[in-house]
Novice: 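Here's a structure for you.
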Amino acid sequence: MSLATGIGSWPGTDLRRAVRTVRDLLSDQDLPYLPELPARGPGADLVGRTAGLLVDMPVDLQPAGWRLVDRPGRDAQRTATMLSGDLDELAEAFDGYQGWLKVQVAGPWTMASSVWLPRGERAVVDVGARRYLASSLAEGVRQHLGAVERLVPGASLVLQLDEPGLPSVLAGGLPTASGLGQLRAVEPEPAAAALREVVEAARDWPVVVHCCAQEVPWAVLRTVGATAVSVDTTLLGPRGWESVAASVEAGLGIWAGCVPATGTLPAVPPLVRDLVARWRDVGLPLPGLVDVTLTPACGLAGASPEQAGQVHRLLVAAARALTEAALE
């Protein structure tokens, strides 16, 4: 059966309310998740939150962003305290829960392109630093998933690795610290190897790599051992859908970001008809749509709480309708 879920980010600053809202909107027939509320400030953002999971690689916050340092300081402590509180809220809201539950973490290349070295350049420029960062993240992810599993023992966890930075890393599109040039592109094989290390650390759980760029690096993502790839399908043209077909035929699951996070929402029937038509156009068998998970096109931090709820209700209805269409 097709499932509905969110990308991760959620509007507002009330984590307790957000967790319970997501729980109520996405039943155990879908895929609820631990929401992220970046409006709460540093340490609640995707990069800062994930930086708090790094093992033996402490960070602090500078005007340019998160920076690797020799020893943990107040910023690292604040991030750890916030995440610990979030997990307590999750455990309380999902007490006795049985079913799927998702957590989100930034991937190694989004971290390497967003975290800064002490000398003032992105970690991605230093081969050794990015290698250590990937290993540190892999161990942090393993520990994090283990902690969530202990807090919600009835849940079947899913890990989402967010990689919005990966396309720029591969294309050489990141600016230097001065802003006057661009950093050298990373080759596909080392890019895949770092992702593979983190995926392997989470081998006891399904792993979905999320990349909402227009140019999804499909060739890399098909080689990292992930269970599925999450993309913004509203950005895909014919070539992108051909890549979807190749990925499905290679055994990779698809999460379709088919509902805008803000603005006018589509009605369920045309949304489902469009997905069915795209699926058929690339020669994929219709019953395979029951394995597609539906998501917003991107995170919901920029929406209102009311609109975020509307998006989730639409996704749930569309997932049911897509399942019916696939089985006709």
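Heavy-atom basis, side chains included; hydrogens, waters and symmetry copies ignored.
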Novice: Answer yes or no: is there an ion pair linking Glu189 with Arg196, defined by an N-O contact shorter than 4.0 Å?
Specialist: yes
Novice: Which heavy-atom pair separates Val290 from Ala326 by the least distance, and what is that distance?
Specialist: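 Where Val290 meets Ala326 most closely, the heavy atoms are CG1-CB, 3.6 Å.
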Novice: Quick one: does any side-chain atom of Glu328 pair with a main-chain N or O of Thr323 as donor and acceptor, under 3.5 Å?
Specialist: no
Novice: Keeping the roles fixed (side chain from Trp66, backbone from Asp60), state whether a donor-acceptor pair exists under 3.5 Å.
Specialist: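 Not a single qualifying donor-acceptor pair exists.
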Novice: Could you go through the side chain to side chain contact (heavy atoms under 4.5 Å, CB included) check for Gln62 and Trp116 one step at a time?
Specialist: CA-CA 9 Å; Gln62 297 293 311; Trp116 298 78; over 6 Å; no
Novice: Do Asp162 and Gln160 get their side chains close enough for a donor-acceptor pair, meaning under 3.5 Å?
Specialist: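 A donor-acceptor contact under 3.5 Å links the two side chains.
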Novice: Hydrophobic clusters here meaning ILVMFWY residues chained together by side-chain heavy-atom distances under 4.5 Å, can you tell me if Leu294 and Ile7 are in one?
Specialist: no
Novice: Which atoms form the tightest heavy-atom contact between Ala308 and Leu300, and what is the distance?
Specialist: CB-CD1, 4.0 Å
Novice: Given side chains that start at C-beta, do those of Met111 and Arg130 come closer than 4.5 Å, heavy atoms only?
Specialist: no
Novice: Decide yes or no for Arg67 and Val115: does some side-chain heavy atom of the first lie under 4.5 Å from some side-chain heavy atom of the second?
Specialist: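 A side-chain contact under 4.5 Å is absent here.
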Novice: Is His210 close to Trp255 at the side-chain level, that is, under 4.5 Å between some pair of heavy atoms?
Specialist: no
Novice: Side-chain contact, heavy-atom cut-off 4.5 Å: Leu252 with Val248?
Specialist: no
Novice: Check for a donor-acceptor pair, side chain of Arg122 on one end and backbone N or O of Ser114 on the other, with a separation under 3.5 Å.
Specialist: no
Novice: Strictly distance-based, threshold 3.5 Å: is any side-chain N or O of Asp232 a donor or acceptor partner for the main-chain N or O of Cys212?
Specialist: no
Novice: Starting from the C-alpha separation in whole Å, work towards a yes-or-no answer on salt bridge (Lys or Arg N to Asp or Glu O under 4.0 Å) for Arg239 and Glu215.
Specialist: CA-CA 10 Å; Arg239 189 177 67 174; Glu215 295 297 327; 3.1 Å; yes
Novice: Between Val229 and Val208, does a side chain to side chain contact (heavy atoms under 4.5 Å, CB included) hold up when you go through it step by step?
Specialist: CA-CA 5 Å; Val229 173; Val208 179; 5.9 Å; no
Novice: Would you say Asp70 and Pro58 make side-chain contact, with heavy atoms under 4.5 Å?
Specialist: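 Asp70 vs Pro58: side chains apart.
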Novice: What are the two closest heavy atoms between Ala297 and Pro260, and how far apart are they?
Specialist: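 Looking at all heavy atoms of both residues, the shortest contact is CB-CA, 4.4 Å.
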Novice: Assess the residue pair Glu200 and Arg203 against the criterion (salt bridge (Lys or Arg N to Asp or Glu O under 4.0 Å)); give the C-alpha distance rounded to whole Å, side-chain angles, the decisive distance to 0.1 Å, and a yes or no.
Specialist: CA-CA 5 Å; Glu200 174 61 21; Arg203 62 183 175 272; 3.2 Å; yes
Novice: When you group the ILVMFWY residues by side-chain heavy-atom contacts below 4.5 Å and let the links chain together, are Met57 and Val124 in the same group?
Specialist: yes
Novice: Arg40 and Thr13: side-chain donor and acceptor closer than 3.5 Å?
Specialist: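 Looking only at side-chain atoms, Thr13 and Arg40 do not form any donor-acceptor pair under 3.5 Å.
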Novice: Locate the shortest heavy-atom distance separating Val186 from Pro190; write the atom from each residue and the value.
Specialist: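 It is CG1-CG, 4.1 Å.
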Novice: Would Arg20 and Glu92 pass as an ion pair if we require N to O under 4.0 Å?
Specialist: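 Yes, Arg20 and Glu92 are salt-bridged.
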Novice: Does the distance from a Lys or Arg side-chain N to an Asp or Glu carboxylate O, for Arg278 and Asp281, drop under 4.0 Å?
Specialist: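 Between Asp281 and Arg278 there is no salt bridge, as every charged N stays at least 4.0 Å from the carboxylate O atoms.
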Novice: Do Leu26 and Tyr33 come close enough that some side-chain heavy atom pair is under 4.5 Å?
Specialist: yes
Novice: Taking a hydrophobic cluster as the set of Ile, Leu, Val, Met, Phe, Trp and Tyr residues connected by side-chain heavy atoms closer than 4.5 Å, whether directly or through intermediates, do Leu46 and Leu61 fall within one such cluster?
Specialist: no
Novice: Can you confirm whether the side chains of Glu306 and Gln310 place a donor and an acceptor under 3.5 Å from each other?
Specialist: no
Novice: Output yes when a side-chain donor or acceptor of Ser136 lies under 3.5 Å from a complementary backbone atom of Val55, and no otherwise.
Specialist: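 Yes.
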Novice: Taking the side chain as C-beta and beyond, is there a heavy-atom pair between Phe94 and Leu101 under 4.5 Å?
Specialist: yes
Novice: Would the distance check show the side chain of Ser2 and the main-chain N or O of Val292 forming a donor-acceptor pair, the cut-off being under 3.5 Å?
Specialist: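 Yes, Ser2 side chain to Val292 backbone: donor-acceptor pair under 3.5 Å.
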Novice: May I ask whether Val103 and Leu25 are part of the same hydrophobic cluster, defined by side-chain heavy atoms of I, L, V, M, F, W, Y residues being less than 4.5 angstrom apart, directly or through others?
Specialist: yes
Novice: Quick one, Thr5 with Leu315, criterion side chain to side chain contact (heavy atoms under 4.5 Å, CB included). Give me CA distance, side-chain angles, the key distance, then yes/no.
Specialist: CA-CA 8 Å; Thr5 192; Leu315 286 166; over 6 Å; no
Novice: Looking at Tyr132, I want to see if its OH is surrounded by more than 12 non-hydrogen atoms of other residues, nucleotides or ligands under 6.0 Å.
Specialist: no
Novice: What's the shortest heavy-atom distance between Ala134 and Ala194, and which atoms?
Specialist: CB-CB, 4.0 Å
Novice: Short question: side chain of Thr79, backbone of Arg49 - any donor-acceptor pair under 3.5 Å?
Specialist: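 Between the backbone of Arg49 and the side chain of Thr79 there is no qualifying donor-acceptor contact (under 3.5 Å).
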Novice: Within the 3.5 Å criterion, strictly below it, is a donor on Thr110 or Glu163 matched to an acceptor on the partner's side chain?
Specialist: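 Yes - a donor-acceptor pair under 3.5 Å links their side chains.
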Novice: In terms of hydrophobic clustering (I, L, V, M, F, W, Y; side-chain heavy atoms under 4.5 Å; direct or indirect links), are Val316 and Trp100 co-clustered?
Specialist: no
Novice: Regarding Glu139 and Ser135, do their side chains bring together a donor and an acceptor under 3.5 Å, going by distance alone?
Specialist: no
Novice: Any donor-acceptor pair under 3.5 Å linking the side chain of Gln104 with the backbone of Leu159?
Specialist: no
Novice: Please report the shortest heavy-atom distance between Thr176 and Leu183, naming the atom on each side.
Specialist: CG2-CD2, 3.6 Å
Novice: Just checking Arg222: does its CZ atom have more than 12 heavy atoms from other residues, nucleotides or ligands closer to it than 6.0 angstrom?
Specialist: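 More than 12 heavy atoms, drawn from other residues, nucleotides or ligands, come within 6.0 Å of this atom.
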Novice: Check whether Lys102 reaches the backbone of Gly6 with its side chain - one donor and one acceptor, N or O, closer than 3.5 Å.
Specialist: yes
Novice: So do Val282 and Val244 actually touch side chain to side chain, heavy atoms under 4.5 Å?
Specialist: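 Val244 vs Val282: side chains apart.
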Novice: Can you tell me if Thr50 uses its side chain to pair, donor with acceptor, with the backbone of Ala106 under 3.5 Å?
Specialist: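 It does hold such a pair.
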